[in-house]
Amino acid sequence: MLPALLAVIGIVAGFGANTVIMQRKIGSAQDEASKELSKAKKESDKLLDQAREQAAQVAEEARRDEQARRREIKDLENRLIQRESSLDKKLDELDKRNEGLRRGEDEVEALKNEIRDIRIKQQDKLEKIAKLSKSDAADKLMEMTERDIKQDLVGLVNKLQNEAKEDAEDRAALVIATAMERMASEVTAERTVTSLKMENEEMKGRIIGKEGRNIQALQRATGVDIMVDDTPGYIVLSSFDPVRREVARMALEMLMKDGRIHPGRIEEIVEKAQKNVEKEVIRAGEDAAREVGVIGIPKEVLHLLGELKYRTSFGQNVLKHSTEMAHIAGIIAEELGADIKTTKYAALVHDLGKALSHKMEGKHHHISGEMLRKYGAPEEVALAAEQHHDDVDATSVEALIVRVCDAISASRPGARNVSAENFVERMRDLENIANSFSGIEKSYAISAGREVRVFVRPQNVDDLSAIKLARDIATKIESSMQYPGTIKVNVIRETRAIEFAK
């Protein structure tokens with residue numbers, strides 16, 4: 001019993017002690033809260049005082065700004081009032097000045113009318129005194145003046161015309177002679193035959209091939225007549241087209257060097273030779289343009305220009321003839337004050353159509369103009385090139401210079417050979433007649449114009465049509481050309497079947 005009582009007493013004593021401790025803590029917390037509250041109140045009062053002071057400062061600044069703005073507005077209003085009054089004064093002055101000008105104009109108009117009346121009265125008096133009207137007096141005066149100076153004027157005009165003619169002839173002769181003296185070049189070229197030396201007689205047999213297959217393949221691929229028996233030790237290539245002769249010559253040289261000669265190899269070598277000649281054509285055109293100093297020529301025009309290296313006109317190499325003309329034209333244009341670049345450009349490309357005259361119908365100078373316009377050459381260059389023959393009127397000084405230079409270059413002794421040109425023209429006509437029919441792939445005039453070989457497209461022309469085509473071509477040749485002897489028309493239709501074993 002006693003232990004339980006002691007336990008109860010201990011619990012009660014502990015609870016009482018805790019209560020006292022809690023009361024003390026609560027009292028301490030209340031004191032601290034009171035202190036913090038007092039402190040916070042002081043700080044809030046302080047902040048409130050600061051805010052009031054700042055608000056007062058802001059209000060004072062706003063008041064001062066408003067007063068300054070009001071002063072500015074008042075000053076602006078004063079200035080506007082002053083300017084308005086000034087403008088009113090100026091308007092009044094302008095009105096007064098306009099009124100004065102109107103009065104002055106009226107006075108001037110009155111004076112003009114008065115002077116006009118006085119002049120009319122004086123003219124009437126003079127006409128009565130002279131018994132002539134104004135127009136009659138002017139006519140009579142002109143008639144007297146013309147009669148007095150007519151003879152003098154006629155003599156002066158004749159004198160000036162004669163002096164101008166003499167000076168022009170002397171000047172032209174001096175310019176042309178100077179240009180010809182400064183420019184002289186060789187213009188001769190190969191005709192229609194090229195010779196190629198063989199190493200030995202064995203090579204001759206290999207070129208001919210079994211039953212003539214190799215030489216036939218060469219002739220078929222190049223369109224050149226190949227003769228191996230006419231000159232010992234030499235192969236003679238005959239064709240009116242120098243480009244074909246060059247391809248055949250290059251192909252034969254490569255075949256003899258390679259040693260493998262058979263129809264398949266011949267086709268490969270001929271194709272390679274054609275590519276090499278194509279490169280040479282482009283190089284020749286670029287070299288010609290560089291030689292005469294003309295830049296900016298389109299690539300297509302340069303290609304056609306390079307083909308002229310293998311073309312002849314009356315036996316004269318056309319590319320050399322063109323470059324010589326360009327040099328002469330530049331000299332004459334400089335003397336006459338013409339456009340040097342246009343003149344040299346036109347002189348260089350004036351015969352461009354000769355590279356296409358066997359492919360296109362028309363005169364070569366018209367073709368030259370068309371090609372130059374097609375590939376973007378300047379219009380003045382195209383006109384000057386097109387007008388270098390007399391059938392087209394020259395419309396510029398540059399065209400006249402090109403025409404004169406063409407005559408100078410062509411008239412040099414030994415520069416041209418008419419008979420050779422006629423022969424070449426006949427060969428071209430033969431090929432043009434054959435190409436005018438449909439279904440033709442290519443055609444070659446060989447054997448000095450005694451034979452035309454025509455290759456047709458087998459899918460377009462059958463065997464019976466080939467026979468009829470040969471007869472039609474022969475009939476057209478008979479009706480449209482004059483030639484000695486006979487011409488053989490050989491129409492060839494070939495069908496190939498190719499397959500590869502893999």
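FYI, side chains are in, hydrogens and waters are out, and symmetry mates aren't considered; it's all heavy atoms of this structure.
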J.: Could you tell me if the side chain of C405 sits less than 4.5 Å from the side chain of I332, heavy atoms only?
T.: yes
J.: Quick one: do R265 and E268 make a salt bridge, cutoff under 4.0 Å?
T.: yes
J.: Would you call D287 and R290 a salt bridge, using N to O less than 4.0 angstrom?
T.: yes
J.: Indicate yes or no: does K468 engage D472 in a salt bridge with an N to O separation below 4.0 Å.
T.: yes
J.: Report yes or no: is the cationic atom of K299 (NZ for Lys, CZ for Arg) under 6.0 Å from the centre of the six-membered ring of Y375, at an angle within 45° of the ring normal?
T.: no
J.: Nearest 0.5 Å, what's the CG-CG distance between L302 and L352?
T.: 9.5 Å
J.: How many angstroms lie between CG in N490 and CZ in F455, if you round to the nearest 0.5 Å?
T.: 8.0 Å
J.: Are the side chains of I226 and V236 in touch, meaning some heavy atoms are under 4.5 Å apart?
T.: no
J.: One thing to verify: whether D351 and K354 come together as a salt bridge, which I'm taking to mean a side-chain N less than 4.0 angstrom from a carboxylate O.
T.: yes
J.: Carefully, step by step, assess I433 and K476 under the rule side-chain contact (heavy atoms from CB on, under 4.5 Å).
T.: CA-CA 7 Å; I433 290 174; K476 188 170 183 179; 3.8 Å; yes
J.: Please check if the side chain of E398 supplies one atom and the backbone of V381 the other of a donor-acceptor pair under 3.5 Å.
T.: no
J.: Could you tell me whether the side chain of H388 and the main chain of A385 form a donor-acceptor pair under 3.5 Å?
T.: yes
J.: Could you tell me whether E114 and K112 have a side-chain N and a carboxylate O separated by less than 4.0 Å?
T.: no
J.: Could you walk me through whether I401 and I328 pass side-chain contact (heavy atoms from CB on, under 4.5 Å), step by step?
T.: CA-CA 9 Å; I401 294 174; I328 298 174; over 6 Å; no
J.: Enter the distance from M371:CE to I367:CD1 here, rounded to the nearest 0.5 Å.
T.: 7.5 Å
J.: Would you indicate whether the side-chain heavy atoms of E300 and H303 approach each other to under 4.5 Å?
T.: no
J.: Between K344 (side chain) and G293 (backbone), is there a donor-acceptor pair under 3.5 Å?
T.: no
J.: Got N214 and P263 here, is their nearest side-chain heavy-atom distance under 4.5 Å?
T.: yes
J.: How many angstroms lie between atom CD of E253 and atom CE of M250, to the nearest 0.5 angstrom?
T.: 7.5 Å
J.: Picking from L237, V270, I269, N276, what satisfies side chain to side chain contact (heavy atoms under 4.5 Å, CB included) with V247?
T.: V270
J.: In Å, rounded to the nearest 0.5 Å, how long is the span from CZ of R493 to CZ of R457?
T.: 13.0 Å
J.: Do S322 and L308 come close enough that some side-chain heavy atom pair is under 4.5 Å?
T.: yes
J.: Mark yes or no for whether N460, through its side chain, and V456, through its backbone, hold a donor-acceptor pair below 3.5 Å.
T.: no
J.: Is a side-chain N or O of T343 found less than 3.5 angstrom from the main chain of A333, in a donor-acceptor match?
T.: no
J.: Judged by atom type as modelled, is there a donor-acceptor pair below 3.5 Å linking the side chain of E451 to the main-chain atoms of K488?
T.: no
J.: My understanding is that only one of V452, V489, N435, I446 makes a side chain to side chain contact (heavy atoms under 4.5 Å, CB included) with L430; could you say which?
T.: V452
J.: Does any part of the side chain of M325, heavy atoms only, come nearer than 4.5 Å to the side chain of V402, both counted from C-beta?
T.: yes
J.: Answer yes when E280 and R249 have at least one side-chain N-carboxylate O distance shorter than 4.0 Å, and no when they do not.
T.: no
J.: Can you find a heavy atom in the side chain of D339 that is under 4.5 Å from one in the side chain of V397?
T.: no
J.: Salt bridge check, R373 against E386: does any charged N sit closer than 4.0 Å to a carboxylate O?
T.: yes
J.: Go through the steps to decide whether D406 and R403 satisfy the test salt bridge (charged side-chain N to carboxylate O under 4.0 Å, His left out), and finish with yes or no.
T.: CA-CA 5 Å; D406 187 42; R403 185 178 296 183; over 6 Å; no
J.: From R213 CZ over to I215 CD1, what is the distance, rounded to the nearest 0.5 angstrom?
T.: 14.0 Å
J.: Could you tell me whether H350 and H364 have their ring centroids closer than 6.0 angstrom?
T.: no
J.: So do the side chains of E380 and Y345 get within less than 4.5 Å of each other, counting heavy atoms only?
T.: no
J.: Taking atom types as modelled and ignoring hydrogens, do the side chains of Q387 and T395 form a donor-acceptor contact shorter than 3.5 angstrom?
T.: yes
